[in-house]
Each structure stands twice: as structure tokens, then as C-alpha cells.
Amino acid sequence: MEKTIAINAGSSTLKFKLFEMPEEKVISSGTVDRIGIPGSNFTIKTTDGKKVEIDQPIKNHEEAVNLLLKELLKLDIIKDYSEITGVGHRVVAGGEIFQDSALIDDKVLKQIEDLKEYAPLHNPANATGIRAFKKVLPDITSVAVFDTSFHETLPEKNYLYSIPYEYYEKYGARKYGAHGTSHQYVAGRAAKMMGKPLEELKIITLHLGAGSSITAIKDGKSFDTSMGFTPLAGITMATRSGDIDASLVVYLMQKLNITNPEDILTILNKKSGLLGLSGMSPDLRDIIDAAEKGEHRAQMAIDIFVNNIVKYIGSYATEMGGLDGIVFTAGIGENSVPMREKITSKLGIFNVKLDQALNEKRGERFISAEDSAVQVMVIPTDEELAIARDVEKFKKMGD
Ligand code: ADP
């Protein structure tokens, strides 16, 4: 049986899913948490669904990969490493270089590392994950799947910022977007559910998780998206500010006596968003609880989050000249009944109507009422499956 492993390496985490391919059956999954931070641990699900937790210091991504591979054997999930014939790595930034997924060789790996200015928190971690795998399993099909590739189709009018054009030419200063694998995957599922080719639909996909982004999909392609040069832009997120006036960055640096630009970026990436507004938590569940108890700042954070989202929906529907479907996905989009209700209740202008009973169910489904002018869906995202499918394509090319 051939197996493919999908790897999603963050700055201090490494998530994986192991698939039997081409059956697309998940046989194991897990997360290494707090890599390089005290309290590291590894959780892995075995083939019979049991969860095994291992607490031990894990200094870096190489140690994380080694532990993961060792446990796959030890827990009898695989009998031999030769069963794993492919690995797909999620890479956040592909710049303008990677319009599609790529077979990883030394040149591609260097290009991923060179793109670190575009995603300083992510690309170095992605590259370390790739290196660690190459060391242990040097001969398997190894593929990089970029978060930005799906957005390569953005038209110029949507990817250029209104700054001197030569900065785009010289430095690549433009919008690249992110979460492309997720937006592409759920849009494809949505078209299937709606029974029409994606090319004939105008869809807005709402990926609402700790990081959140919104994409307008027209003619089967990404047409506009809310994240920007980096994932910092767009709507209010768990800890990221989303869009702000660039002058405020300079003003705050002066007020806070910040001389290192990295420090202000840390504030905007890690201390802002729902956390910064509410002053209590980056987790929307905590904020909803607090708002129900009458906490003004919690309610305000929710109102701003919702307002940001409906503003994007309004502008994207206008840009596309219509709207057939809206998709909710990721942690908040898939799980939060009240947030879906709040967001859709503000879309009366598009004659969006929610079916309350369907909204409260779980799994992939429509949640709009029969007479809603726009079909609204909840579609659990599966970036790992999309990654594993891309690896299969390359395996076939090599056959
Ligand atoms: P990531 O961006 O890390 O992949 P996820 O898509 O897993 O994030 O989403 C995680 C986020 O989803 C958390 O910040 C959590 O607040 C939020 N979340 C998960 N379940 C719910 C829920 N029932 N209600 C509100 N928020 C939720």
C-alpha cells in the first residue's frame, strides 16, 4: 500500500496526516506542539483511532520529524519506511515564482528559503521541515504546495498596491494572498454541491480560523483575496490586526519608542485582532462567552469582526458583478453557529436567508433556506487532502 504524508510546519508546530493513496484514506494524523519551547509534546492518532500523547523536549523541526517517523513504526502504523512514497509540504509564500505546486529539489528549496522575507514566521519553518524529511527519506516524491499559488490568477487591478510601480517591479511589492489551498479546495466542493461547473459560479469563500481570509472566486479562479503581501492584511483575526492605515505604523513606532521595525510587526501580528480589541483572549469562544456576560470590549470585538467580514462580502460581490454562493470554513466558519448567524443576518441586501436548523447541524451541508437568493454552505476544509492529491499528481508524472 502506498502512503503519502502531508506536512504543515509552523514556527513552533508540525501537523501531519498520513493517507493511503489513491484511496485517500486517513490512517494517522497528529501534531507536534511547542517545538523549541518548554513543554513540547506530540499527539498522534493510531490506525484504530487511539490518541497517544508523548511529552518530551523537542528542540527543533528535525527532532520533530524524527520523532514522528519513529512513532509511526513503533505504533505499527507503518511496517517499513518504504511504504511512504510521497510527502507534501505546505509552504506559505511562493511569491511570483511558484504558480503551482513544485517537486522539491535543491533549487526549489533555496527559492523557498529566499522567499522568507515574504513570510518570516512561516517559510523558514517550512524549509526546515522539508530538510528534515529529505534527510530521513531522501528518495521519495517530495512536493511543495504553496498557499499563494491559487491566487496567481488575481488580476493586476487586484494585486497591485497604489504605490510607485517600480517597487512592484524591483521588490515584488504586491498582494500574494494566502490560504489558497483551502479556498481552492472548498470552492471545488461548493461547485459540486451546487451542481454547476466552478467556472460558471461567483463564490465567496470565508476561511475563518485563527488566521482568516476571504476570497472572491470568479470564472473558476481566485479573483480577489483579503490577505496581502503577507497574511497580516485583510479582516480582523485572532491576533492579527488585518487592514490598517500604514501611517499608523510609523505613528505608533514614535509613540512607543520602537526603533526595530520587527517589534511593531510583532504587535500587529501577535497582540492585535480579537485579542487586542477584547483584551482577554484570541479565541472567539471565550469572547462570545464574555460578550454574553455583558463585557463591552468582547461585544465590540465581535461586532468589528463581523463588520469586517460583511464589508468584504459586499465589495467582492460588487467586484464580481454578482454572487451565487458563500462558503464558511476553518475553525470559526465550521464550528460557530452564532457567528454564521450574525454574518448572514447582515446580508439581507443580497437576499441571503439562513435555515436555522441546518445552521445547527454539523458536516458539509447547505445552511441557506430554500428561498435564499445566494446559496450558503459550510464545508470543512481539508488542506492536507489537497496536498496529498497534489503529491499523487507528481508521483504519476514520475511513473
Ligand atoms: P488555524 O488558523 O490555526 O488553522 P483553525 O482553522 O483551526 O485555525 O481555527 C482555530 C480557531 O477557531 C481558534 O482561534 C478558535 O477560536 C476558533 N474556533 C474553533 N471552534 C470555535 C467555535 N465553536 N466558536 C468560535 N470559534 C471557534
Side-chain angles (χ1 to χ4, degrees), residues 179 182-183 186-187 189-190 193 203-216 226-227 234-243 272-317 323-382:
H179 288 148
S182 173
H183 289 292
V186 297
R189 297 287 319 157
M193 286 171 73
I203 292 183
I204 296 178
T205 46
L206 311 175
H207 179 110
L208 309 176
S212 294
S213 67
I214 300 185
T215 296
S226 62
M227 283 181 167
I235 63 167
T236 304
M237 302 178 218
T239 63
R240 292 188 202 129
S241 63
D243 299 333
S272 301
L274 295 171
L275 172 65
L277 285 169
S278 70
M280 54 168 300
S281 170
D283 192 319
L284 200 52
R285 285 167 289 201
D286 300 337
I287 298 173
I288 292 172
D289 286 349
E292 277 167 5
K293 290 188 188 112
E295 282 275 347
H296 168 70
R297 277 176 64 182
Q299 187 57 53
M300 175 186 76
I302 294 172
D303 291 346
I304 292 173
F305 182 65
V306 170
N307 201 42
N308 268 222
I309 294 167
V310 297
K311 270 200 252 191
Y312 268 98
I313 294 175
S315 68
Y316 284 178
L323 181 58
D324 302 304
I326 296 174
V327 179
F328 283 91
T329 194
I332 297 167
E334 290 167 31
N335 300 310
S336 181
V337 174
M339 291 314 289
R340 290 194 298 262
E341 193 180 326
K342 276 185 203 301
I343 294 163
T344 48
S345 74
K346 304 237 178 275
L347 301 174
I349 191 168
F350 298 109
N351 283 319
V352 168
K353 289 186 193 151
L354 188 72
D355 181 316
Q356 297 288 356
L358 289 174
N359 189 34
E360 282 172 25
K361 290 196 168 149
R362 296 201 63 80
E364 188 177 280
R365 67 201 184 279
F366 287 104
I367 56 166
S368 45
E370 287 280 337
D371 60 343
S372 179
V374 176
Q375 291 188 289
V376 186
M377 291 149 274
V378 175
I379 302 181
T381 193
D382 198 339

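Just so it is clear, the structure is predicted and the values come from calculations on it, not from any experiment.
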Inset, instruction - Quick one: pull up CD1 in Ile309 and CD1 in Ile304 and give me the separation to the nearest 0.5 Å. - result: 12.0 Å
Legend entry - Under 3.5 Å: donor-acceptor pair, side chain of Arg365, backbone of Leu358: yes
Inset, instruction - Taking all heavy atoms of Met193 and all of Phe366, pick out the closest pair and write down the distance. - result: O-CZ, 3.4 Å
Legend entry - Shortest non-hydrogen contact from Ala238 toward Pro282: CB-O, 3.5 Å
Inset, instruction - Please answer whether the main-chain N or O of Gln375 pairs with a side-chain N or O of Ser368 as donor and acceptor at a distance below 3.5 Å. - result: no
Legend entry - Taking every non-hydrogen atom, the tightest pair across Ala301 and Ile287: CB-CG2, 4.3 Å
Inset, instruction - Say whether, by atom type as modelled, one donor and one acceptor occur between the side chain of Ser345 and the main chain of Lys342 under 3.5 angstrom. - result: yes
Inset, instruction - Using modelled atom types only, decide if a donor and an acceptor are shared between the side chain of Asp286 and the backbone of Ser281 within a distance under 3.5 Å. - result: no
Legend entry - CZ-CE distance between Arg297 and Met300, expressed to the nearest 0.5 angstrom: 6.0 Å
Legend entry - Over 12 foreign heavy atoms within 6.0 Å of CD, Glu370: no
Legend entry - Donor-acceptor pair between His207 and Thr215 side chains, under 3.5 angstrom: no
Inset, instruction - Before giving the answer on side chain to side chain contact (heavy atoms under 4.5 Å, CB included), spell out for Met339 and Phe305 the whole-Å C-alpha distance, their side-chain angles and the decisive distance to 0.1 Å. - result: CA-CA 10 Å; Met339 291 314 289; Phe305 182 65; 3.5 Å; yes
Inset, instruction - Identify the heavy atoms of Lys353 and Asp371 that sit nearest to each other, and give their distance. - result: NZ-OD2, 3.2 Å
Inset, instruction - Write down the atom of Ser272, the atom of Ser241, and the distance for their closest heavy-atom approach. - result: CB-N, 3.7 Å
Legend entry - Backbone N/O of Thr381 and side chain of Glu334: donor-acceptor pair under 3.5 Å: yes
Inset, instruction - Check step by step if side chain to side chain contact (heavy atoms under 4.5 Å, CB included) holds for Arg362 and Asn335. - result: CA-CA 8 Å; Arg362 296 201 63 80; Asn335 300 310; 2.7 Å; yes
Legend entry - From CG (Leu208) to OG (Ser336), nearest 0.5 Å: 9.5 Å
Legend entry - Ring geometry between Tyr316 and Tyr312 (parallel below 30°, tilted from 30 to 60°, perpendicular above 60°): perpendicular
Legend entry - Main-chain N/O of Ala298 paired with Ser278 side-chain donor or acceptor, under 3.5 Å: no
Inset, instruction - Check for a donor-acceptor pair, side chain of Asn359 on one end and backbone N or O of Val337 on the other, with a separation under 3.5 Å. - result: yes
Legend entry - Derivation and outcome, side chain to side chain contact (heavy atoms under 4.5 Å, CB included), residues Leu347 and Val374: CA-CA 10 Å; Leu347 301 174; Val374 176; over 6 Å; no
Inset, instruction - Walk me through it: do Leu206 and Ile326 pass the test side chain to side chain contact (heavy atoms under 4.5 Å, CB included)? - result: CA-CA 7 Å; Leu206 311 175; Ile326 296 174; 3.8 Å; yes
Inset, instruction - Report the distance from atom CE of Met237 to atom OG of Ser226, rounding to the nearest 0.5 Å. - result: 6.5 Å
Legend entry - Gap separating the OG1 atom of Thr329 from the CZ atom of Arg189, nearest 0.5 angstrom: 11.5 Å
Legend entry - Asp243 side chain vs Gly234 backbone, donor-acceptor pair below 3.5 Å: yes
Inset, instruction - Report the distance from atom CG of Leu275 to atom CG of Leu284, rounding to the nearest 0.5 Å. - result: 12.5 Å
Legend entry - Distance-minimising heavy-atom pair for Ala290 and Met280: CB-SD, 3.5 Å
Inset, instruction - Not counting sequence neighbours, which residues clear salt bridge (Lys or Arg N to Asp or Glu O under 4.0 Å) with Glu341? List them please. - result: none
